[in-house]
Protein chains: 2
Amino acid sequence: MLRLSKLTDYAVVVLVRLDAGTQVQTSPCIAATTGIPEPTVAKVLKSLSAAALVTSQRGARGGYRLARPLEDIPVGEVIAAMDGPITLAACVDGSVTECESLALCPVRGRWDPVNEAIQRALSAISLADMREAAIPAVFRVPPDADLVRVPRNAELGHSNASR
Amino acid sequence: MLRLSKLTDYAVVVLVRLDAGTQVQTSPCIAATTGIPEPTVAKVLKSLSAAALVTSQRGARGGYRLARPLEDIPVGEVIAAMDGPITLAACVDGSVTECESLALCPVRGRWDPVNEAIQRALSAISLADMREAAIPAVFRVPPDADLVRVPRNAELGHSNASR
DNA sequence: GGTAACCGGACCGTGTCAGTCCTGATTGAG
DNA sequence: CTCAATCAGGACTGACACGGTCCGGTTACC
């Protein structure tokens, strides 16, 4: 279904959440305000930090902060940070590992225009666009909710219900 | 990595192969000329037939035929036929199963513009575009190769070598 | 009637992913 | 100086989807 991983979905939520407030935010805090389990939030933030989409501050009173405003983060970059480079087919990216039956492989490079089209589409949409997209005001996060300090195990029961 | 399934890749190969010649082509024949294992080709063709991208003729001397010229088949339709509807996130399609923590779920509808952009990109590219895209002449299939009748087990060793 | 081909399933091994946990390294506060 | 809070970077595991195969049944041509 061409679906992207759930981690990428979380990453967008986390990044939008991180946009509220200029203070650094800790991963337990973000977990509490988004409803995503804390270890998962930590994992997402680590990946985002590795991709230089957020900056981290270690130690006590540390946390995470957006490296750039949401307007400057295309959604394609988030996907690439979480799921790796965007390549539809196997024979597309730099790894020219040569399909074994080379004389018969008719796939070679065939998906390139499709990949480019998707890349373009994903580069044209920024997280700021997604932030405001079709979300009722009820779901908007209050801009100062990041200031609440919550204890470690404040779980909100976001364990998936659909299985 | 936003990768599409290998079956979809095969589907494009099979459809392009099916474009050569006006005769119906059997799945063993297509398997032999493309190097894809025969049962897999059969599975792909069944899905394509269910999606009305190819028409089938049963019985002896039966086979498959393109339902439309390649120019009229956008690649997005092939992906939808093989992998189901194109939806990036879980909360997007018609199944409004309401994320459990509804008041906190900030994802709702957020991916819609991204989905639409991708849909547009995939609708704009037809299989005819992919047929000619960046393929050295060596890999082009000869237009009359479909006439050869091959025995059932003519395998070409297309089992993946990279593992 | 026999044979060749499609039809519609069921079936299973494998790989990937979501999610958790653990052990360090770092830094501010007391 | 010591301690606690926080990030860093792994390893690990269970669940699930996917690729691939196979089988019995049906249809149509010779």
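On a predicted model such as this, the values are computed, not experimentally measured, just so you know. In what follows, chains carry the letters A, B, and so on, assigned in the order in which the sequence lines appear, proteins first and then strands, with residues in each chain numbered from 1.
Atom-to-atom, CG of Leu4(A) to C1' of dT16(C) comes out at 15 Å; the value is rounded to the nearest Å. Rounding to whole angstrom units, OH of residue Tyr10(A) and C1' of dC17(C) are separated by 12 Å. Atom-to-atom, CG of Leu45(B) to C1' of dG8(C) comes out at 15 Å; the value is rounded to the nearest Å. The CG-P distance, from Leu48(B) to dG8(C), rounds to 14 Å in whole Å. The distance between atom NZ of Lys46(B) and atom P of dC22(D), rounded to the nearest whole Å, is 13 Å. Here the C1' atom of nucleotide dG9(D) and the NZ atom of Lys43(A) are 12 Å apart, to the nearest Å. If you take NZ of Lys6(B) and C1' of dT16(C), they are 13 Å apart, rounded to a whole angstrom. One can place CD of Glu38(B) at 10 Å from P of dC22(D), the figure rounded to the nearest angstrom.
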Just the atom pairs and distances: protein N or O near nucleotides 28-30 of chain D's N or O, under 3.5 Å.
none

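In this structure, the side chain of Gln25(B) engages the main chain of Ala20(B) through a donor-acceptor pair within 3.5 Å. Remark: the backbone N or O of Thr22(A) is paired with a side-chain donor or acceptor of Arg65(A) at under 3.5 angstrom. Looking at Asp129(A), its side chain does come within 3.5 Å of a backbone N or O of Ser126(A) through a donor-acceptor pair. Using modelled atom types, no side-chain atom of Thr8(A) and backbone atom of Leu4(A) make a donor-acceptor pair closer than 3.5 Å. No donor-acceptor pair under 3.5 Å is formed between the side chain of Ser49(A) and the backbone N or O of Leu45(A).
For Pro39(B), taking side-chain heavy atoms from C-beta onward, the closest of the listed nucleotides dC7(D), dT21(D), dC7(C) is dT21(D). Candidate nucleotides dT21(D), dG19(D), dT20(C) were compared by shortest atom distance to the side chain of Thr40(A), and dT20(C) ranks first. Nearest to the side chain of Ser5(A), among dC7(C), dA18(C), dC7(D), sits dA18(C).
Put simply, the side chain of Val16(B) does not reach to within 4.5 Å of the side chain of Met130(B), judged on heavy atoms. Annotation: side chain of Leu122(B) is in contact with side chain of Ile118(A) (closest heavy-atom distance under 4.5 Å). Counting heavy atoms from C-beta outward, Asp9(B) and Trp111(A) have side chains that approach closer than 4.5 Å.
Dashed line: the shortest gap from a side-chain N or O of Tyr64(A) to OP1 or OP2 of dT6(D) is not under 4.0 Å. Remark: Thr26(A) is not in phosphate contact with dA5(D), judged by side-chain N or O atoms under 4.0 Å from OP1 or OP2. Distances shown here put a side-chain N or O of Ser27(A) below 4.0 Å from the OP1 or OP2 atom of dC7(D). Ser56(A) has no side-chain polar atom (N or O) that falls below the 4.0 Å cut-off from OP1 or OP2 of dT6(D).
Residues Glu38(A) and Lys43(A) are not paired through a salt bridge, judged by the lack of any N-O separation under 4.0 Å between the basic side chain and the carboxylate.
The CG atom of Leu53(B) sits 5.0 Å away from atom CD of Glu77(B), with the distance rounded to the nearest 0.5 Å.
Across the helix from dG1(C)-dC30(D) to dG30(C)-dC1(D), the helix axis at one end is tilted relative to the axis at the other end by 10° (nearest 10 degrees, each axis from five pairs).
The residue Leu7(A) sits close only to the backbone: its heavy atoms come under 4.0 Å of sugar-phosphate atoms, none of a base.
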